[in-house]
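Worksheet: one structure, shown below.
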Amino acid sequence: MKSDELLALFLRRGVLWPTAEIYGGAQGLYDYGPLGAALKRRIEDAWTSWFVGLSPDYYRIEPAELLPEAVVRASGHLENFTDPEIVCDACHTPFRAETVLEAVRPEGVDGLSVAQIAEIAHANHVKCPRCGSEALSVPAPFNMMFGVDFGVTGKERAYLRPETAQNSFLAFPRMWEVGRHALPLGVAVVGKAYRNEIAPRQVLFRLRAFTQAELQIFFDPEHFDRPIDPFRDVRLPVLRVERRERGEETPEFIRAEDLVASGGLPAFYVHHMVQFHRFFREVLAYPEESIRFFEKSEKERAFYNKIQFDAEVRLESFGGYKELGAVHYRGDYDLTRHAEGSGKDLAVTVGEGRSVLPHVLELTFGVDRNLWGLGDLHLRTEDARTVWHLPPFLAPVSVGVFPLIAKAHGAYAQRLADDLARAGLTVQYDAASSIGRRYARIDEAGTPYGVTVDAGTLDEGPEHDTVTVRERDSRSQARVPVGELVGRLAGALRLPRPPRI
RNA sequence: GCGGGCAUAGUGUAGUCUGGUUAUCACAUAGGCUUGCCAAGCCUAUAACUCGGGUUCAAAUCCCGGUGCCCGCACCA
């Protein structure tokens, strides 16, 4: 679905709206309404059920969203979060310092101060790539973290976390004990992260407050290549660097085993790519042809990542592939930095007394972006009606309950709606306007089932205490005894968990 | 952040160039009548010129600024 169309629908149905709208809004901030909040919760629960379910040694924690300054200093976010820029004073165009100085300083600008970068530019008479002016200046690097006063004196600083990953690294020593000394050890966090983005845009794609679902897996690097259970014949849509360099945009389907055997990727890494792919397919129901795992080259990926595939999905709303998640091999960068920063030894002892500083595999997933993706890919207009083909277990409301004729069947239907809600279903009762309109309303909200009470339900005939269950996608109807309703629907509404490979 | 464009009921829009009646239309929403299993019909109601300043007898319309949105560049998990 097109971006404008999707946003209009989301606004109309109360999925989301701009924060502080009556004051003109605030860039990069959106609030979720009832439908959006419920859907987002379902996505988070589905993600947790799936990824934490991958192993008994994977856990979810819920840490604080504020990080003391020492943490972000050690993690590198305080200095390194943005690359230094060079701005042309003549045409006001900003460039990455590294790019502009490439000819005169091929080794890059890491570690140089603002003054040193400016000096190099002037000494070599570097010109603006766009207008040729030599009037270049180097502004102080912009840090994308939100800093806050911490404590009553205001002398201490803390920062809203720019990513949830840091919390998992900080939790490692505790989790090593709580997890009873097991590797691999997974520590998941689902929660808000905050970045003062320069140019928030595209609704949920670059927010200043956004929700990440991340799983950091600490593992023994000696086991990275250890063969794990066979991948059977799983094929992954991957676009590797060599193929990209030939100008290809589309992925090729490569057997997981081949990615390991001839593709040079560690088995443990590929195993988690397979699980990520299955989550996209089996839980979010993204079409196979929309997904690709996009390999980042050494230049493109963050410096701490040794292997990086972005999990991308092609969205009509933004006319191309968008990053909705990623699989990062971060090596021992994080634990090394935090061991140095804190002065604590973060190595652990495994097996017969071998000391190991675990490496980290990071699975990261953008909750807001995927909520948008579920709208883009599953909302379809079909002969003048709009249907949100959400997987049933993700639907904000599971069942709509309607009286065929409000006056005649309303009391029974209202009672039935209460009973279903008490049984744990999310239910919406609606008696307004015609039955067709009510079906249309729930179709648009992604509700998979409609239950209608009619004359047969109330009559002392063969249809006594039966209702019609109408299915969103097929529009088919079946007569079901009310006592069997919960049992009938429960299966489709249960969150999927990963099968053991 | 730079450049360009845009901003009218809940949603989508007409009107702006060329200032001048009660601001157009559709859908949505609420109530009534009727109907009774896929957005039916009729009647009624609710509801808007992004904010601030300026020009003018008069501003949705022209000018300036703020805010927000879109596109390109730059940046980016």
Side-chain angles (χ1 to χ4, degrees), chain A residues 3-5 7-14 17-29 33 77 81-88 90-96 99-100 129-130 139 141-142 144 161-165 193-203 205-207 210-214 296 300-302 305 308 310-311 318-319 322-326 328 362 364-369 382-387 402-409 432-444 450-456 467-472 475-477 479:
Chain A
S3 174
D4 293 355
E5 220 181 328
L7 183 57
L9 184 108
F10 277 3
L11 288 168
R12 187 162 50 78
R13 291 304 302 248
W17 53 74
T19 297
E21 205 175 0
I22 62 169
Y23 286 96
Q27 268 187 59
L29 299 179
H77 285 91
F81 210 73
T82 54
D83 295 322
E85 278 190 345
I86 287 186
V87 177
C88 172
C91 70
H92 305 293
T93 312
F95 304 93
R96 290 180 64 186
T99 314
V100 179
R130 182 162 163 208
F142 176 72
M144 292 214 289
R161 61 183 178 199
E163 59 177 14
T164 55
Y194 302 86
R195 293 184 194 175
N196 198 5
E197 292 285 355
I198 296 168
R201 214 172 273 189
Q202 296 186 318
V203 199
F205 273 75
R206 213 181 308 172
L207 294 167
F210 61 107
T211 301
Q212 293 186 307
E214 297 195 309
K296 288 294 189 82
E300 292 165 327
R301 62 189 183 234
N305 283 332
Q308 176 175 348
D310 285 351
F318 295 123
K322 299 293 283 184
E323 180 196 345
L324 300 189
H328 299 152
E362 172 184 76
T364 177
F365 176 84
V367 175
D368 314 277
R369 289 177 171 197
E382 298 155 356
D383 40 83
R385 78 173 59 201
T386 306
V387 183
F402 316 123
L404 186 59
I405 303 169
K407 284 173 197 154
H409 316 125
S433 55
S434 69
I435 188 72
R437 188 176 296 252
R438 290 177 227 150
Y439 286 147
R441 269 196 283 252
I442 64 167
D443 282 346
E444 196 178 61
V451 167
T452 301
V453 172
D454 59 18
V467 291
T468 54
V469 176
R470 181 260 193 188
E471 220 180 68
R472 179 195 62 202
R475 295 195 210 173
S476 64
Q477 295 195 354
R479 197 100 209 159

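Letters A, B, ... mirror the listed sequences (proteins, then strands); counts begin at 1.
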For the side chain of [X], starting at C-beta, report the closest nucleotide among [options].
{"X": "A:Ile405", "options": "B:C38, B:C71, B:G36", "value": "B:G36"}
{"X": "A:Gln27", "options": "B:A77, B:G36, B:C69", "value": "B:C69"}
{"X": "A:Ala199", "options": "B:U11, B:A74, B:A39", "value": "B:A74"}
{"X": "A:Arg12", "options": "B:C38, B:G10, B:G36", "value": "B:G10"}
{"X": "A:Ile435", "options": "B:C37, B:C38, B:A77", "value": "B:C37"}
{"X": "A:Glu444", "options": "B:G1, B:A77, B:A39", "value": "B:A39"}
{"X": "A:Thr468", "options": "B:C37, B:A74, B:C38", "value": "B:C37"}
{"X": "A:Ile198", "options": "B:G12, B:C75, B:C38", "value": "B:C75"}
{"X": "A:Leu404", "options": "B:G36, B:U29, B:C76", "value": "B:G36"}
{"X": "A:Asp454", "options": "B:A77, B:C33, B:C37", "value": "B:C37"}

Quiz item: [X] side-chain donor-acceptor pair to [N] base, under 3.5 Å:
{"X": "A:Arg438", "N": "B:A39", "result": "no"}
{"X": "A:Arg201", "N": "B:C69", "result": "no"}
{"X": "A:Glu362", "N": "B:A77", "result": "no"}
{"X": "A:Gln477", "N": "B:C37", "result": "yes"}
{"X": "A:Tyr23", "N": "B:C51", "result": "no"}

If you look at every strand shown and take non-hydrogen atoms under 4.0 Å, does [X] touch a base, only sugar-phosphate, or nothing?
{"X": "A:Phe402", "result": "nothing"}
{"X": "A:Thr164", "result": "nothing"}
{"X": "A:Glu21", "result": "nothing"}
{"X": "A:Thr364", "result": "nothing"}

Item to complete: Quickly work out the A:His77 NE2 to B:C76 P distance and round it to whole Å.
Response: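 After rounding, the reported distance stands at 13 Å.
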Discussion item. Taking the nucleotide of RNA chain B with the nearest heavy atom to each, does A:His328 or A:Val203 sit closer to the 5' end?
Written reply: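 Final value for this comparison: A:Val203.
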Discussion item. Need to verify one output field. Residue with the more 5' nearest nucleotide on RNA chain B, A:Gly436 or A:Gly28?
Written reply: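 That would be A:Gly436.
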[X] side-chain N/O to [N] phosphate OP1/OP2 under 4.0 Å:
{"X": "A:Ser434", "N": "B:A40", "result": "yes"}
{"X": "A:Arg385", "N": "B:A39", "result": "yes"}
{"X": "A:Arg369", "N": "B:A77", "result": "no"}

Practice prompt. Dot-bracket for RNA chain B, please, read 5' to 3', with Watson-Crick or G-U wobble pairs under 3.5 Å on both distances, ( ) within the strand, [ ] crossing, | other strand, . unpaired.
Written response: (((((((..(((.......[....))).(((((.......)))))....(((((..]....))))))))))))....
Worksheet item: Where along nucleotides 41-47 of chain B does protein come under 4.0 Å, by heavy atom, of base (B) or sugar-phosphate alone (S), with - for untouched nucleotides?
Response: -------
Worksheet item: Got A:Arg472 and A:Ile442 here, is their nearest side-chain heavy-atom distance under 4.5 Å?
Response: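 Side-chain contact under 4.5 Å: no.
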Practice prompt. Report yes or no: does A:Arg438 contribute a side-chain atom to a donor-acceptor pair with the main-chain N or O of A:Ala432 at less than 3.5 Å?
Written response: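 The answer is yes, because a donor-acceptor pair under 3.5 Å joins these two groups.
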Item to complete: Would you check, one step at a time, whether the test side chain to side chain donor-acceptor pair (under 3.5 Å) holds for A:Ser433 with A:Arg441?
Response: CA-CA 11 Å; A:Ser433 55; A:Arg441 269 196 283 252; 3.0 Å; yes
Worksheet item: Using the C1' atom in both, what is the distance from B:G15 to B:A59, to the nearest Å?
Response: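 Result for the C1' pair: 14 Å, nearest Å.
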Discussion item. What's the gap between B:U13 and B:G72 when it is taken at their C1' atoms, as a whole Å value?
Written reply: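 The answer is 27 Å between these two C1' atoms.
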